[in-house]
Protein chains: 2
Amino acid sequence: MNDDQLHAMRHSLAHITATAVKRLWPDAKFGIGPVVENGFYYDIDLGDTKISESDFKKIEKEMRRVVNQDQPFEHSTKQIDEAIAWALETNQPYKSELLNDLKRSGTTVAHDLDADEMGTITDGDAAMEQVGFYTNGDFTDLCRGPHVESTGKVGAFKLMRVAGAYWRGNEKNPQMQRLYGVAFATQEELDAHLNMLEQAKARDHRKLGKELDLYTTSPLVGIGLPMFTPRGTVLREVLSRYSNQLREQAGFEKVWIPHITKHELYETSGHWEKLGDELFLVTSQESNDKFVMKPMNCPHHTQIYASQPRSYRDMPVRYLETTTIYRDEKTGELGGLNRVRSATQDDSHVFARPDQIEDEVNGLLASAQELYASVGLELRVRLSYRDDSDAYLGEPELWQSAQAQLKSAVENNALEYFEQNGEAAFYGPKIDFMATDAIGREHQVATVQLDFVQPQRFGLQYTDAEGGFQAPVMIHCALLGSIERFLSVFIEHTAGWFPLWAAPEQVRILTINDTVLDYVEQIKAILAETVLMQPVKYNELRYSCDDRNESLGKKIREATGMKIPVQLIVGPKDKEAGTVSIRTQGGEETIRLDQLAEYLKTA
Amino acid sequence: MNDDQLHAMRHSLAHITATAVKRLWPDAKFGIGPVVENGFYYDIDLGDTKISESDFKKIEKEMRRVVNQDQPFEHSTKQIDEAIAWALETNQPYKSELLNDLKRSGTTVAHDLDADEMGTITDGDAAMEQVGFYTNGDFTDLCRGPHVESTGKVGAFKLMRVAGAYWRGNEKNPQMQRLYGVAFATQEELDAHLNMLEQAKARDHRKLGKELDLYTTSPLVGIGLPMFTPRGTVLREVLSRYSNQLREQAGFEKVWIPHITKHELYETSGHWEKLGDELFLVTSQESNDKFVMKPMNCPHHTQIYASQPRSYRDMPVRYLETTTIYRDEKTGELGGLNRVRSATQDDSHVFARPDQIEDEVNGLLASAQELYASVGLELRVRLSYRDDSDAYLGEPELWQSAQAQLKSAVENNALEYFEQNGEAAFYGPKIDFMATDAIGREHQVATVQLDFVQPQRFGLQYTDAEGGFQAPVMIHCALLGSIERFLSVFIEHTAGWFPLWAAPEQVRILTINDTVLDYVEQIKAILAETVLMQPVKYNELRYSCDDRNESLGKKIREATGMKIPVQLIVGPKDKEAGTVSIRTQGGEETIRLDQLAEYLKTA
């Protein structure tokens, strides 16, 4: 089934929902009923009657009756005034309002609604007075279509939730009830989707963040400013170390910048104008200096580049820094780690000669591939190019060459990719990374971004072989992106069962009784000496021992609740035989104690 | 010689300076001439005549003449009106102003000057009208004394500099010339001091910071906000890793907090009132939230502690974080790394039961001792206790026990210490670390600080063995203190010759000619595999190769200029013999290539 068919099906289900609601509550007044991701909704005004989830069964039953009646969707048109008369007659004041707006302004109404979802004036100036309608059975709705042939052809559906929604999104208007449903071509697809939602709920990183003690928030500190506990900080550190390790191997060097700057830096870079309201302003009480919190790191990094003369032989110059940026996101959009005011980036900037772009991007893509493979996220990329408009700065030949180099690097890394013209930033083309998680959701995670403009605005230079001055190209790249956002994806992707190298607590010893305590000391001595080298180097083992006087069952339940990847069960028989019983998500096995270090290093 | 004698000597030299100046410029008018650290100065008004350093020889010659004349310092007194008449007669308007103020207000004048340095009314109400003078030869000065017996007894001295200074520090008053000198009991001590100053100048971290490419500043970013280049960032990282490593071995766990907070956090902690003007205020443009940049980390860390219930068995809870704090230091006080607006602390907080204080402090002191021994700074500590006043919060028994535990921990670590009552903070006693550098200067570097108050203000708790709630004690500790400030000390202490483990570039290969390039690859392969484990673990070697077509002499000069601790000189003979010639500050030696890794690991 193609997208258009699915769209028609979901839109038809919005009409079927309205048909059913009108049968159950004949006074129902309807707003709009568009298609949304995975389904549809309809805005309904039932006066004082409130629909609740307990009504869904009843509504769905009535919807199924409409489906079983297999009513054809019949298209018709009315003159606009005739349509308005229809709305008044059928007591549909919202439709009437839409139609009056339509009459007044022609097409502007369509802008604040989904144009597809309402009756609009049919094409062509001559027909300006004609409005579309669709009828199924005794239900008629102002509608542009398209629809499926008949109510019997709508696939599998389910009502999901009902929520308040102001008419036309304006809180001065009456509040309606927005009834949401999901719909797919087959029952299998619907089940898969419902299963995914169920899983997503169980994997919610806000829920797991609390259960696994990864981060916390405080009303005294403020919303969107999470603080990381020891366990969460292990995750931050091990991911950031990995990301840095990959780039340090490729010749990147760490630098350090403060989190504030005078606003002059952003006046020069051009960000001052662009980011305006998103910037946190910082005031000195001691001086008249006006500062801002940095919402990105590149302008500061240009000042380090500019602190020394550079020759073509020094290029590329590669800076690396894991550092926190601050953006004043809207309070309503904050929650969990997905969107925060304090976002830590594993940022890097290359200052390169134009002929070095491909090599540099090549290396960054190889690093990204290794990293995403290690965390088990599938990666594909979007190549975002310029279009023919004059919205782009920088020499067209430089763009052409750079875009070709990006594509070549992507192909060289055998990455799945697609290309989009007109998606580049005004200052350069880029590569966006999209990662698909364990339950099929795709997340944009990181970018490699070329920049022809900032070097010029800051007057950055290097001397070429002839002694002339040239402007370098900047390559912005964060492999993880924002560590907070990446963690939200990583937690939900793994459902908290982090790979051994990343787990905050990697190994927990669970004793069966106190007769094994001396043997436990031998095990601990081995764990204390075990250092993982893959994929993150010098990764000292993080372990603990549960030797409380509790049942093994309780100890296992707790360790499993905390999603400890390796649980070492130690009883008198293990002590006698010089073995340990290893319990992982994959099952249980017993190995000799002298095999333990090797087992963990290669797990 | 005791301090009083040295003081009298230096003060007498101020008079001798004035005597000499008056001989050379008879119209000279004098302000005040106090003793300062290591010497003295005199404020002089010569009208349009400017003293410059080229005059010092002439002035010193005249001073020596006065010294050789061995004039006795003779004390006398005058009635205040008589003294004023003397000042007018001798054309000394500044002295006249001081005397008139003195007459008007008795003693208040003394408050805005150094009471010792001017004639004040002699003791006792009855004598209120008597003012002291000292005369040597034909020079008489309003003065309280004391002085040495005669001008011949002033030890060794040297004029150092002359600078503009407004009369009484007020820029509305006339500008005078402040002539500074240093003085010591013996020529040896003076020479040692001058030598120290010479060395301090050569070691100035601002000069070395530039020469060794360690950090930079930008007017676009602002004063007091240094940015660290790759070389400087290596120093930051390796020091911070070392400091963290020591505490992680002792059970500390890393946490992470954002750099801003709502001001409610500091209203609760009590810092809001205390730090007022030093706080950078942060404004949201999206909401009405008022934020501040954190000037310390403890209040945030309390919120992580408070995020879980804690039992006496969980204690102590130990948090560790290297993070940047922001304080709005006065612009005039900023410069180099010594005082910055963005200071990165290697901070830690222990939440402990009162009976755990000694053990915890013991561990922190051991870490500090190891760290300071590794960087070669001599350490002594000050134990700062409360006094009997009621300026302190918290139970007196807790104070008594805590002070005893601190002292016991200091003694247990065999640290040189001294005790001071009345030096504690109002919220708890502390240990201050003082480090003496290679040229004898003492710097306060870090502290271990107990805190009885913050846990109570935040309502922090743990449940004791009986199920009751108890407040923990907080132990604040940074081993390095501010990394920026520590670096300023470390750079000057080492004069940029960092120990091998810390050096940004540890090894540089210097080729004699191109015939050795294949052999250089063998050397590089060894260096790439060499990882130092002492004192910082997993310290991968940082090396480079200078294989340019330049003379060995030039290569050595450049490597030595960059203070590369290990220079490997490689020529055809080395290649043939399978050796490398190692050049360090200690001299040159030749070793076999297969000994190189071991040499570096144990250097």
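A note on names: the letters A, B, ... follow the listed sequences, proteins ahead of strands, and every chain is numbered from 1.
- One distance of note links OG of A/S284 with NZ of B/K330; it measures 10.0 Å at 0.5 Å rounding.
- The greatest number of non-hydrogen atom pairs below 4.5 Å with chain A, out of B/M227, B/E267, B/E329, B/M293, is found for B/M227.
- Only the side chain of B/R341 has a heavy atom closer than 4.5 Å to any heavy atom of chain A.
- Taking both residues in full, the closest heavy atoms of B/V531 and A/Y538 are given as CG2-OH, 3.5 Å, listed atom of the first, atom of the second, then distance.
- Using a 4.5 Å cut-off between heavy atoms, B/E237 contacts chain A through its side chain alone, with no backbone atom that close.
- Between the CG atom of B/L225 and the CZ atom of A/F291 there is a distance of 5.5 Å, given to the nearest 0.5 Å.
- Nearest heavy-atom pair, B/V221 versus A/I260, reported as atom, atom and distance to 0.1 Å: CG1-O, 4.1 Å.
- Between B/P226 and A/W256, the closest heavy-atom pair is O-CZ3, 3.7 Å.
- Atoms CD and CD, on B/E540 and A/Q245 in that order, are 8.0 Å from each other to the nearest 0.5 Å.
- Using a 4.5 Å cut-off between heavy atoms, A/L320 does not touch chain B at all.
- For the pair A/K262 and B/P219, the tightest heavy-atom approach, listed with the atom from each and the gap, is CD-O, 3.8 Å.
- For a residue to count as touching a neighbouring chain, one of its non-hydrogen atoms must lie under 4.5 Å from one of that chain's; by this rule B/K537 touches chain A with the side chain only.
- Only the side chain of A/E484 comes within contact range of chain B, judged by heavy atoms closer than 4.5 Å.
- Atom OH of B/Y266 sits about 11.0 Å away from atom CG of A/L220, to the nearest 0.5 Å.
- Among A/R236, A/E264, A/E253, the residue making the largest number of heavy-atom pairs under 4.5 Å with chain B is A/R236.
- The number of heavy-atom neighbours closer than 6.0 Å to CG of B/N288, taken from other residues, nucleotides and ligands shown, is 12 or below.
- Listed by sequence position, A/H300, A/Q303, A/I304, A/S307, A/Q308 are the residues of residues 300-310 of chain A in contact with chain B, using a 4.5 angstrom heavy-atom cutoff.
- When B/T324, B/L281, B/I223 are compared by the number of non-hydrogen pairs under 4.5 Å with chain A, B/L281 comes out ahead.
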(request) Show your reasoning for whether side chain to side chain contact (heavy atoms under 4.5 Å, CB included) applies to A/I257 and B/F228. (result) CA-CA 6 Å; A/I257 58 172; B/F228 286 78; over 6 Å; no
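- Between the side chain of B/D328 and the main chain of A/Q285, a donor-acceptor pair closer than 3.5 Å is present.
- Interface summary for chain A: among B/D289, B/V340, B/V282, B/T283, the most heavy-atom pairs under 4.5 angstrom belong to B/T283.
- Here A/T229 is the residue among A/V234, A/T229, A/V292 with the most heavy-atom pairs under 4.5 Å with chain B.
- Within residues 207-218 of chain B, the residues approaching chain A closer than 4.5 Å by heavy atoms are, in numerical order, B/D213, B/T216, B/S218.
- Under the 30°/60° scheme for interplanar angles, the aromatic rings of B/H259 and A/Y326 are found to stand perpendicular.
- Contact annotation for B/F252: neither backbone nor side-chain heavy atoms come within less than 4.5 Å of a heavy atom of chain A.
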